[in-house]
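Notes follow the structure.
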Amino acid sequence: MRIVVCMKQTFDTEAKIALTADGLIDSTGVTLVVDPYSEFAVEKGIQFKEKFGGEVVIVCIGDTQAETAIRQCMAMGADRAVIVTDPAMDGSDQSATARVLAKAVISQEPDIILGGFKSVDSGSAQVMLRLAEILNLPHVNVVTNIEIGEGKAIATRELDDGVELVEVSLPAIFTAQQGLAEPRYPSVKGIMQAKKKELKRLTLADLDIDPTSVGPANAKVKIHGLTLPAPRKGGRIIGGEIPEATADLVKALRDEAKVI
Amino acid sequence: MNATRQIYWNIQGHIAIYPLFLVAIVIFAYGFYLKYRLWHVGQPVDRNDRKGARAKSLIGFVLGHTRILRRRQPGIMHFLIFWGMVCLFLGTIVVALQSDVGLQIMHGPFYLYFMSLILNIAGLAVLLGLLIALYRRYIKPAEGLDNQPDDAVILILLLVIILTGFLTQGLRIAATHDPWAAWSPVGNLFARLFAGLGAATQSEVHRALWWSHLFLALGLIAYLPYSKLIHIGTAPLNIYFRSLEPNGALTRLDLEDEDLETFGAAKLTDLTWKDLMDTDACVRCGRCQNNCPAYLTGKPLSPKALIQDLKLQVHQQGKLILAARKTAAHPTTGEHETAAGSELDAGLDEQNLVGTVLSEDALWSCTTCRACMEQCPVFVEHVPKTIEMRRNQVLMESDFPAELNGAFKGMENNGNPWGLGWAKRAEWADDLGVKVVATDGAPEYLYWVGCAGSFDNRNRKVSAAMVQIMRAAGIDFAILGTEEKCCGDSARRLGNEYLYQSLAEANIETLNGYGIKKIITQCPHCFNTLKNEYPQFGGNFEVIHHSAFIAQLIAAGRLPLQAKLNGTITYHDSCYLGRYNAIYQPPRQVIEALGLKLIEMPRSQRESFCCGAGGGRMWLEENLGERINMQRTEEALSTNASCIGTACPFCLTMLEDGTKRKDVAENIKTLDLAELVQQAIQSAQ
């Protein structure tokens, strides 16, 4: 069984976000990690491999920094990886990302394709679904469990008010929600082995993609500006006797917070 | 008249002693050799450097009994038996020299004082020691002892040997009407028992007893290596070969070594020969267990059981391993060895230590507080073995309590076990205007704040107090700010050597890059690892813990402490400050200088009871048994002091949590020493 996992490298969730003078996100000194949702997918992929045999292939779009994240996945147990690195990809939107990913993923002839349902940075939750459309494969989104059967799989997906069990034929795409799998901590043995695993570096040309078809110029989504959220104010404790305090609270909620 | 006695009175054929002795010695040597071979299935380790210091240990810890005597009753017991037996053994040698070498020494005052009086006292001492031992084992069982048949055999054997010795002497005195009898008061007392017997009976009984005494004594020698009495040999060896490295320095693993198939200890053969010899030096006295915070709060860890279970493995698995190696060395020998080899292939599926010697729960219960090692009279090394097993679990198996995942990742990505954004590390100092090395240049003293002092709200107050103190004393200091990372102590003690080394190397590079020479820490864990472990990675700094630093400032009159604080305080010794680094007095000097009345807890200084957070336990849930911090908090409250003083951020957290749980936090404050000094400075101003 060949399991392809789409992995994105993102900012550490604790990273302090700042904007540069021209209004873009400043990545100077920020710790980069495997996106937590990608990590759930990687872990699930490795679990499948351990159970059914086969291999786990990581597919990633990114620059050389992203290779650290790939090695991290390999240390966990992924077998090899394909990374698409091309300057033309800078500033591409989800549609371009999905198109490039589609070429890279399908070249691996996968039985199962996994990825995070969203990423913690841009959080658009679009790439994996676009990928499914491009590849014309069935997909189940936001899953917390996958049971593999003969040529098919039953996935559990989270809904607002319950869960839904969806059966799909393989190959299929599943996007990970928290709870799908608890990512393992790599052993040193794994870290050492990861250094020697195959990492295939591709450019857009290698995938027969015209570099001018991606990038900001072809983006379907345009970002007009970024602003930081207003800093959080500390809580306020309303003192006094309960009847007066209650009245004060209601007043504050109505007049200041304007939530009731 | 020249004082002496006839040697071998009433005994014919005493010369038979020598061949019999030879037999005993051969049996003894064979037994010891078997043990020696078993120890050496372990890894090599050099423990024979600094011979002078090692010899000195023998004088203090063996001859002087300095550790054994820390516990009064068993200490005196052992002292009496040890020195009594040493004297009696010397006496026996004197007899041999006089009788069969021909040295004329058993005469005059030497005969009277040593060979009669002192040896009588020695025999009495052994007797008394044995009675104490019997009392401790069978009358009023002492804490930590477990009785095995071997214990009874040894005590009865020794008792009979001493009694037959006195009886033999008594009979000789009675029969020969020894004019010097008064110099052997105990023998003389026994002589009175036999005064009424006829000469023939006296002679017959004497002969029988004399030979019994001889056979029992030789039997004891032969029995030694097959019983816990092997410690007569292994204890001094263990003391001689003890680690002379700083208490707080764990060994460095070479993670780049590609020949290493495994890191840490998975199996018996991954431990060192010294680790294995430890198990034959242990006499099951139970002092380790009696002081172990995990054991005393009902967790499934006993350092004594760890060593004893390991001993069982050495004896069972060790034999199979030796046989396997023999077969491997001579692959084409006879049937016999092939049979041994096949038996071993089944058995040589060498068992994992975790699961046989130590359960997983026990492995992760250790706080590395070092109470066991501090108490052990024969210097058994419990904690390093535990760490080696943790290393294997983490580095090779990636098998550890799930809650550590977050702590490890936090240290990896953000340089602190809480996993808070590294960019916020210096926020505590934002309003204080503390100098930062990167912008203000290298200071005389680098103030190493540590993760707790940087991120934990409670401990940030301690950092602020330190800033105020150092300013009041006019110290030139700065912090690394966001360039500081976790020192790695927790990671290392949790077995994550890989993470530890990456943190240590990054920190050392930063510190060396700025040419830092002197470092002040407020966390004993940072203090210990920076001082004792960073030298392994090229970080050589003068590291000073804030308690010692403040004590120095006060002694030098550099802090304005005119106003004395009033009230009582009890001080909790942090393991990594106390037992690991022997800093007991400076905190107490600070407390005295502040005018506070110190009330010691029942367990203090080197016997201090861990708060429960050491060894990375800070980042683990405590689900088994009673909570360690609660037991310690109750002990602190039992002093009725109005304040609990600490000098460690983990201890502060744990004990303050304890007072909160007991609902007394309003009245009994838990404060770091720096906060107390800050109060005294503020009230002085």
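Chain naming here is simple, since letters A, B, ... match the order of the sequence lines and numbering starts at 1 in each.
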Any Lys/Arg nitrogen of [X] or [Y] sitting under 4.0 Å from an Asp/Glu carboxylate oxygen of the other?
{"X": "A:E50", "Y": "A:R184", "result": "yes"}
{"X": "B:R493", "Y": "B:E533", "result": "yes"}
{"X": "A:K8", "Y": "A:D121", "result": "yes"}

Region of [X] in contact with chain A, defined by heavy-atom distances below 4.5 Å:
{"X": "B:E497", "value": "neither"}
{"X": "B:N414", "value": "side chain"}
{"X": "B:L499", "value": "side chain"}

Exercise: do B:N507 and B:Y534 side chains pair donor with acceptor under 3.5 Å: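 On atom types as modelled, these side chains qualify, holding a pair under 3.5 Å.
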Largest heavy-atom contact set with chain A, pairs under 4.5 Å, which of B:L420, B:T262, B:D399: B:L420
Axial cation check for A:F40 ring with A:K44, 6.0 Å and 45° limits: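 No, a cation-pi geometry is absent between A:K44 and A:F40.
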Under 4.5 Å from a heavy atom of chain B, the part of A:P186 involved: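 The backbone, not the side chain.
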